[in-house]
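Heads up, the thing below is written out as structure tokens.
Values below: all heavy atoms of this structure, side chains included; hydrogens, waters and symmetry mates excluded. Both counts, for ligands and for their atoms, begin at 1 and track the order of listing.
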Amino acid sequence: MQFVVASHNHDKIKELQQIFRVCNNEVIPYTDLLSKIKFPPEGNYSYEENASDKALFISKLLPDKLVIADDSGLLLTARPKILGVRTARDLTNYPTPQQYAQHIIRLVQGRDRKFIMQTSIACAHQGKIIKVVDGTLKGQIASTERGINGEGFSRILIPRGLTKTLAQMTFEESYPYLTRARATEKLIRFLKENHD
Ligand SMILES: O=c1[nH]c(=O)c2ncn([C@@H]3O[C@H](COP(=O)(O)OP(=O)(O)OP(=O)(O)O)[C@@H](O)[C@H]3O)c2[nH]1
């Protein structure tokens, strides 16, 4: 199957392409088919709603395509009032992956290091949402950035029970822990069960 992704985030698009390729599906950015358009502003309410709004926005312009959109965020146990569904906005002052990874390390310095990373992926067709799935990962924030296979969050997220960050693993090793992979597997299973 081919999916069109409603996103402007190049790292996210690349990761989704790698993940969907594992199950023999293809992902192309919507900008391969349309000129770049500004998405409506994200809400503060839920990942599901933000992902659905982006998927619907592009699905209305490309009704025959299976359009996916992802909304992700990081919640820190030590800082429950920030980040989470507002991650993109709360990190605006830290524009590079290195800057926001360092900021997150500072936020948990001397505190509880537990995190929950969450992704919702919405899939739309003919201007309607057909499924929203999610994937979560729990673990600890590393005390320094570690690893070279990925930037930003990947260098500081250590899945529960492990000692390595996601960026210290190969893509194949990290796959079972990726929130986008966990969500994608649910989406593909749903589409196979309902549309074959
Ligand atoms: O190192 C990272 N690895 C990731 O895997 C990841 N996923 C999200 N983020 C960060 O969280 C914010 C919310 O992201 P988000 O889902 O709202 O997407 P976005 O606004 O970047 O792109 P779009 O898809 O909406 O165009 C983004 O600004 C990024 O700072 C990530 N950082």
Q. Can we say K54 and D70 salt-bridge, meaning some charged N sits less than 4.0 Å from an Asp/Glu carboxylate O?
A.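 Salt bridge: no.
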
Q.
I'd like to know whether CZ of R160 has more than 12 heavy-atom contacts from other residues, nucleotides or ligands below 6.0 angstrom.
A.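 Not buried by this count: 12 neighbours or fewer within 6.0 Å.
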
Q: Mind jotting down which residue pairs meet the ring pair (Phe, Tyr, Trp, His ring centres under 6.0 Å) criterion with at least one end in residues 126-165? Sequence neighbours excluded, please.
A: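 For residues 126-165: Y100-F153.
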
Q | Backbone of D134 reached by a side-chain donor or acceptor of K186 within 3.5 Å | A |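 Flag set: sc K186 to bb D134 pair under 3.5 Å.
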
Q. For the residue pair F39 and Y30, does the interplanar ring angle fall in the parallel (under 30°), tilted (30 to 60°) or perpendicular (over 60°) class?
A.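 Ring orientation, 0 to 90° scale: tilted.
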
Q. What residues sit with at least one heavy atom under 4.0 Å from ligand 1?
A.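 These residues qualify: S7, H8, N9, K12, F39, E42, K54, D70, D71, S72, T87, A88, L91, Y100, E151, G152, F153, R180.
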
Q) With a 4.5 Å limit on heavy-atom distance, are the side chains of F115 and L137 in contact? A)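 Yes, close enough: below the 4.5 Å cut-off.
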
